[in-house]
Undergrad: 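Submitted below is the structure of interest, expressed as structure tokens.
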Amino acid sequence: MSRRSGTPWWRHRSILIAVAAIAVFALVLQACTTGGTSGSSSTDDINTRREASGLQPLSDDQLLAAGMTYLPSGEHDPYIMIASGGQSGQMFVIGVPSMRILKEVAVFTPEPWQGWGFGNVGTEEILAAGNIDGREVRWADTHHPAISETEGEYDGQYVFINDKANARVAVIDLRDFEVKQIVKNPIAIVDHGGTKVTPNTDWVIQGGQYATPHGWEYAPIDTYESEYKGMVTFWKFDRDSGRILDDQSFAMELPPYWQDLCDAGKLVSEGWVFCGSFNTELATGAGEDGSGEHFEAGASARDRDYLHVINLDKAVEIAQAGNTFDVNGFPVIGLQTSIDEGLLYFAPEPKSPHGSDVTPKGDFIVVSGKLDPHVTVYSFDKLMKAIDEENWVLDPYGVPVLDFDSIVEAQVEVGLGPLHTEFDADGYAYTSIFLDSTVAKWSLGGENYRGDDGWKLEGTLPVQYNVGHLVTAEGDTVSPDGGYLVALNKWSIDRFFPPGPLLPQNLQLVDISQPNDANPETGGMQVLYDMPLGMGEPHYAQIIKADKLNVFEVYPEIGWDPGTMSVDPNAPVAGNERIERNGNKVEIWMTAIRSHFTPDQVNIKQGDHVIWHITNIDTSIDATHGFAVPGYNINLSLEPGETATVEFDATMDGVFPFYCTEFCSALHLEMAGYFLIEPTE
Ligand code: K7E
Ligand code: CUA
């Protein structure tokens, strides 16, 4: 088989024609909307050309959808979607409405293009902070990105993301879309209900999931009820330094229910936090002796689980007063303290709950039971009233369980398997319906929304298939934009060419800008675009207005250290390039500029300890240089102005041509050098 994998010529041609046809759609649409008479084409012409290239003709609706997502070369997306990367351990940056992938941001997993974890000392240190008992854990299951907020609005400064698999949280600076910090939760080995931020990003919430003894110490499973613990952790965030301050952070001990998604209260409910849970059955699985039940039955037997209603403001006071115990050096508020101090209440929630979403005005909390066809809406006022009136019974751990009927504002039947809910600017809510594979649009009632018109289903839109989260533009903030919704579908089945049995996810862009009567069945919703994503399974995403992001196009000054976000005084700059030897320590100060490294010959001896600093002294936008040392597992990405250091022992002797891995100029191939390591006996 010496033939190159055969793409027939006509395939290429059909792609070209498709591209041309899309360009023509834009012309037609422009002609239609401006009333102009371009006279160059028409729907018929487009469909004639599509058919000629083996494509199906388009309906008017489909043509409109194409025109709503097509951006001519050079036009930027008005919105940016930050999606979790699931098992990739990364985070995706996607333009909306074009659904073009702009970047996979390296987070928990080494990524060579960004030079993330391939010798760059700064990145290695950040990754190493996520080591667990000294073990390098270099994958993650990222679920929930949380863009930093000011007064409940996305401010575009930072994004946080959790690693469900290992209970870690990363902090990403949105000036350069690079990770600045990874923290490992000291008391839990897995998490889920994070990350979410409080309305001014004072606290980053990391909720637990599968209960273990704190510190994931061993305890026999038959001690589950007494030794296994749930948890929620509140990480203190310092905006000025851009870091989580672990010495001001704390956790709360919770019963060994499996805590699920959390959301922070806002406006009227600011200072409170709401976390769903399941497995209030305390199921422990099917044992090898045939005892017990699988979790899917055992953990979904009861009709009610508990929404955890947490008084964060008061918990902060208790933690600051030192009324905590210590797990691995981390302060934890004990469950009994939480009960005594009124930090924790339970609100019964319907069967197998998932999702916990606070409405834009902070006045309601929406939860879904995966095995209940309704969304259940609690009133924050009613929760407070029930707490005041002590309208509760106690759960087996002594936590007050509020009376369901007294706290529920409404239940709206939306379909089978409701999960997650977001909002728009007009008082509508959108819930993902996993089993039905739909998005349900329903109206919020109450004076802040649609009043007496509220609490009813407005329409459902089929999506393909099995939608997990959905996201609307700024849809979990105090002022959602609406306009666009993205359904993050778990299964794609027949939507795309199957690249092997592992299929991509299907992210579907949905237009939610139209009134209900534009299509009474769907409540005006229309699918605009299907985007396959074959890089990991995004769970949640957030969509922010692009103009809220203040991104560095190049680093502000030459010698910039992205780790400290300031100039490194030790950075090599033009004119001070040099090599210093001190015994077997060799330190190199090198610069990179189109199209050479200075110096481009480096001679050392085998066994030398090498500290190699490199600055990209180019200041033009996009003039990134790479730096690869073959055989030594080293690759850097040096963006304009950036400085980085690699440090290693030159154990292998030989001749190692190093080179720039970014095609930066006409003489990029010449941007190389010789690293000669002379053998010692
Ligand atoms: Cu529903 Cu982790 Cu938010 Cu997946 S979670 S879908
Ligand atoms: Cu620098 Cu290629």
Side-chain angles (χ1 to χ4, degrees), residues 83-87 113 115 140-146 161-165 167 190-196 205-210 258-263 275-278 352-357 366-370 417-422 431-435 437 439 463 465-471 476 486-491 505-507 536-542 590-598 600 614-620 622-628 635-640 642 657-673:
S84 68
Q87 308 90 332
W113 169 55
D141 184 14
T142 58
H143 274 229
H144 304 108
I161 196 163
N162 73 312
D163 166 20
K164 171 172 171 165
V190 292
D191 72 24
H192 190 229
T195 49
K196 283 278 179 176
I205 304 165
Q206 182 187 25
Q209 185 129 88
Y210 311 120
W258 289 356
Q259 284 79 32
D260 202 34
L261 291 164
C262 297
D263 200 3
C275 303
S277 73
F278 58 112
S352 297
H354 194 53
S356 163
D357 297 289
V366 181
V367 304
S368 303
K370 300 184 301 266
L419 300 182
H420 301 287
T421 300
E422 291 227 337
T431 299
S432 52
I433 312 291
F434 180 84
L435 293 174
S437 288
V439 171
V463 290
Y465 302 91
N466 292 3
V467 55
H469 276 269
L470 51 69
V471 53
D476 74 330
V486 174
L488 295 102
N489 301 311
K490 301 297 183 190
W491 288 35
Q505 313 292 304
N506 184 14
L507 273 53
E537 178 192 335
H539 287 254
Y540 183 49
Q542 291 183 331
M590 173 185 271
T591 59
I593 192 169
R594 280 163 294 170
S595 306
H596 58 268
F597 294 104
T598 305
D600 47 18
I614 312 172
T615 303
N616 176 358
I617 59 174
D618 259 303
T619 54
S620 308
D622 213 358
T624 294
H625 299 290
F627 174 73
N635 189 45
L636 304 183
S637 170
L638 297 158
E639 289 114 52
E642 178 174 353
F658 59 85
Y659 72 98
C660 168
T661 49
E662 281 270 340
F663 204 112
C664 53
S665 68
L667 296 176
H668 151 81
L669 292 178
E670 288 78 1
M671 192 167 175

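First listed ligand is number 1; within each ligand, the first listed atom is number 1.
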Undergrad: Out of Gln209, His539, His192, Lys196, which one pairs with Leu261 under the side-chain contact (heavy atoms from CB on, under 4.5 Å) rule?
TA: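 The option that passes is His192.
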Undergrad: Given that the side chain starts at C-beta and the backbone is N, CA, C, O, which of these parts of His192 lies under 4.0 Å from ligand 1, counting heavy atoms, or is it both or neither?
TA: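 It is the side chain that gets close, since no backbone atom is under 4.0 Å.
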Undergrad: Can you see whether Thr591 engages Thr615 through a side-chain donor-acceptor pair at a distance of less than 3.5 angstrom?
TA: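 No, Thr615 and Thr591 have no side-chain donor paired with an acceptor closer than 3.5 Å.
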Undergrad: With heavy atoms of His354 as the reference, note each atom of ligand 1 found under 4.0 Å away.
TA: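 That gives atoms 1 (Cu), 5 (S) of ligand 1.
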Undergrad: Is the distance from atom 2 (Cu) of ligand 2 to the nearest N/O/S atom of His625 under 2.8 Å?
TA: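 No.
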Undergrad: List ligand 1 atoms under 4.0 Å from His144, heavy atoms only on the residue side.
TA: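 Ligand 1 atoms under the 4.0 Å threshold to His144: 2 (Cu), 3 (Cu), 5 (S).
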Undergrad: Would one find an N, O or S atom of His420, in either backbone or side chain, under 2.8 Å from atom 1 (Cu) of ligand 1?
TA: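 Looking at His420, which is the residue asked about, there is an N, O or S atom under 2.8 Å from atom 1 (Cu) of ligand 1.
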Undergrad: Can you see whether His354 engages Asp260 through a side-chain donor-acceptor pair at a distance of less than 3.5 angstrom?
TA: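 His354 vs Asp260: donor-acceptor pair found between side chains.
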Undergrad: Would Leu261 count as a contact of ligand 1 if the rule is a heavy atom under 4.0 Å away?
TA: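 Judged by the 4.0 Å heavy-atom criterion, Leu261 does count as contacting ligand 1.
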Undergrad: Judged by non-hydrogen atoms, does Lys490 sit under 4.0 Å from ligand 1?
TA: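 Distance cut 4.0 Å: Lys490 passes for ligand 1.
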Undergrad: To the nearest 0.5 Å, how far apart are SG in Cys660 and CG in Asn616?
TA: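 One finds 8.5 Å between SG of Cys660 and CG of Asn616.
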Undergrad: Taking the side chain from Ser595 and the backbone from Met671, do they hold a donor-acceptor pair closer than 3.5 Å?
TA: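 Pair absent, no side-chain N/O of Ser595 close to backbone of Met671.
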Undergrad: Would you give the angle at atom 2 (Cu) of ligand 2 between Cys660 atom SG and Cys664 atom SG, to the nearest 10°?
TA: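 Once rounded, the angle between the two atoms at atom 2 (Cu) of ligand 2 is 110°.
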Undergrad: Can you pull out the closest protein heavy atom to atom 4 (Cu) of ligand 1? Residue, atom name and distance to 0.1 Å, please.
TA: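 Protein heavy atom at minimum distance: His539 ND1, 2.1 Å.
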Undergrad: Does Ser665 reach the main-chain N or O of Leu667 with its side chain, forming a donor-acceptor pair under 3.5 Å?
TA: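 Flag set: sc Ser665 to bb Leu667 pair under 3.5 Å.
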Undergrad: Can you tell me how far the OH atom of Tyr210 sits from the CG atom of Asp191, to the nearest 0.5 Å?
TA: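 Going from the OH atom of Tyr210 to the CG atom of Asp191 covers 10.5 Å.
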Undergrad: Under 2.8 Å from atom 1 (Cu) of ligand 2, can any N, O or S atom of Met671 be found?
TA: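 Coordinating: yes.
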Undergrad: What N, O or S atom of His668 is found closest to atom 2 (Cu) of ligand 2?
TA: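 In His668, the heteroatom (N, O or S) nearest atom 2 (Cu) of ligand 2 is ND1.
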Undergrad: Would you find a donor on one side and an acceptor on the other, under 3.5 Å apart, between the side chain of Asn506 and the backbone of Asn489?
TA: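 Looks like no, no N/O pair under 3.5 Å.
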Undergrad: For ligand 1, indicate whether the residue His143 contacts it via side chain, backbone, both or neither (heavy-atom separation under 4.0 Å).
TA: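 The side chain, only.
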Undergrad: So, of the N/O/S atoms that Glu662 has, which is the nearest one to atom 2 (Cu) of ligand 2?
TA: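 This residue's closest N, O or S atom turns out to be O.
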Undergrad: Can you name the atoms of ligand 1, numbered from 1 with element, that are less than 4.0 Å from a heavy atom of His469?
TA: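 Selected atoms, number and element: 1 (Cu), 3 (Cu), 5 (S), 6 (S).
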Undergrad: Atom OG1 of Thr195 and atom NE2 of His144: how far apart are they, to the nearest 0.5 Å?
TA: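 Reported value, rounded in 0.5 Å steps: 8.5 Å.
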